[in-house]
Amino acid sequence: MITVRLFGMTKMLAGNQGTLSLNLVNGRRVKDLVGVLETGYPAIGELIQKKKVLVSVNQEIAHEDTTIQDGDEVALLPPFAGGASAGC
Amino acid sequence: MITVRLFGMTKMLAGNQGTLSLNLVNGRRVKDLVGVLETGYPAIGELIQKKKVLVSVNQEIAHEDTTIQDGDEVALLPPFAGGASAGC
Amino acid sequence: MSMQQPAGDDAKFVRVQREDFSVDAEINRVRGRSKRIGGISIFLGTARDRSKGRDVDRITFEHYEGMAQKTLREIRERALKDFDIIEVAILHRYGEIGIGENIVLIVVGAEHRAEAFRACTWAIDELKRITPIWKLEHTPEGEVWVEEHP
Amino acid sequence: MSMQQPAGDDAKFVRVQREDFSVDAEINRVRGRSKRIGGISIFLGTARDRSKGRDVDRITFEHYEGMAQKTLREIRERALKDFDIIEVAILHRYGEIGIGENIVLIVVGAEHRAEAFRACTWAIDELKRITPIWKLEHTPEGEVWVEEHP
């Protein structure tokens, strides 16, 4: 089981769950995780495909071939919006 | 009699007098004032000729043909140095 | 990269916190680093009452605890390496923030002002680009997670 | 040009004073102008302990009372006219100032940060270029009236 942390709009799209517990049955890479997400949360899957939402592993931005180990900290990162008002 | 205000290095060059009282006998323009200064305070006169020191009349930068009226506020302005440490 | 939090300067000069901050206090922290500092460039971001044509009543910031701090520490370290500056402080608030309130602060101290300004503009651009912080705008029509294109 | 002092905003947002100032207080004055303000760019100049290779113990600033204020008011008005900003405050101290202390402050509030930064850098450049303020540096070797070439 992999625990995935959600923030902002991805949390909202998952019914305000802050984490998801997912089974990676067909592989341990980020793209396998995305496949599982596309089944259960198609809106999130689409945002990842469009690169609007990034996947991080251990607080580093990951790529589709990054391997996920047991105990790794995985998160879905919607577009960043720190730094004050829109376009400030 | 024209009263001329001095600041910074021009004040120092005039023996730390904050004002000078000068007689303009040969004309009422800034260049006539500079002529009088060159006699009494040659170091200041030279700085004005080199445009290192500016002359102001009524708090506006003046030119050599600016006329000085009785009661005008005249000042000699050495190079400005506001705004913190050198080259900050 | 190690997940361990470096101690020392980082905690003083990089913070993500719920509470408001004092700009004077952060300036004093930065200027306390060196008597060579002659120019301090500061950016303060505050909550506006309008965003993309919408009225905004208040804003809630969410951050990825740990990764947000790590990212800001990296921005500080790159600024210190890439610009001729002496110190930089980076603070970002999270939680609910009212209109007009402080959100983000960058304070850059340098010998000369040109480099202080350059590093400060770079740091706020970079913060917006790579820091995992998100913003929920509360508007009269409802709540919107904001997608920014800086 | 009239020698009369305009009343109102000028006295609040443009000051030449002996006393120290609080950056937070000046920021609050600027941000109080409008809830549209989202980006505030600030420049704070402080007294360095070195100048052109000389050690400096302290600095004395002299200003042309009246003309200095008039010049700073004109800089504020041109900044408000030429940049897309909402408010700008300009303060300069005079008298004796110790190393590390505040000398000059520019606070620019705008909707967007790019214009705030542009106006702030312009204002400090312009202040140094045209404001009748002079600086006497006290060094271990004596006192020097400083000529700046910005």
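The shown structure was predicted, so the numbers you read here are calculated from the model rather than taken from an experiment. Just so it is clear: chains get the letters A, B, ... in the order the sequence lines come, proteins before strands, and each one is counted from 1. Atom set for the values below is all heavy atoms of this structure, side chains included, hydrogens, waters and symmetry mates excluded.
Note that the CD1 atom of D:Ile37 and the CG atom of C:Leu44 stand 10.0 Å from one another [nearest 0.5 Å]. Interatomic distance, D:Ile86 CD1 to C:Arg48 CZ, rounded to the nearest 0.5 Å: 8.0 Å. For the atom pair C:Ser41 OG and D:Ile124 CD1, the distance stands at 11.0 Å (nearest 0.5 Å). Of the inter-residue distances, the one linking C:Lys35 atom NZ with D:Arg50 atom CZ reads 13.5 Å to the nearest 0.5 angstrom.
Looking at D:Glu26, neither its backbone nor its side chain comes within 4.5 Å of chain C, counting heavy atoms on both sides. In this structure, no portion of D:Ile106 lies under 4.5 Å from any heavy atom of chain C. Heavy-atom distances place both the backbone and the side chain of D:Arg36 under 4.5 Å from chain C.
In this structure C:Glu65 satisfies the salt bridge (charged side-chain N to carboxylate O under 4.0 Å, His left out) test with no other residue, sequence neighbours excluded.
Using cut-offs of 30° and 60° for the angle between ring planes, the C:Phe43 and D:Phe117 rings count as parallel.
Residue with the most contacts toward chain D among C:Val108, C:Val107, C:Asp24: C:Asp24 (heavy-atom pairs, distance under 4.5 Å).
Pairing each heavy atom of D:Ile40 with each of C:Thr46, the nearest pair is CD1-CG2, 4.0 Å.
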Inset, instruction - Output, in order, the C-alpha distance, side-chain angles, deciding distance and verdict of side-chain contact (heavy atoms from CB on, under 4.5 Å) for D:Arg113 and C:Lys128. - result: CA-CA 12 Å; D:Arg113 72 185 186 286; C:Lys128 292 171 81 89; 3.4 Å; yes

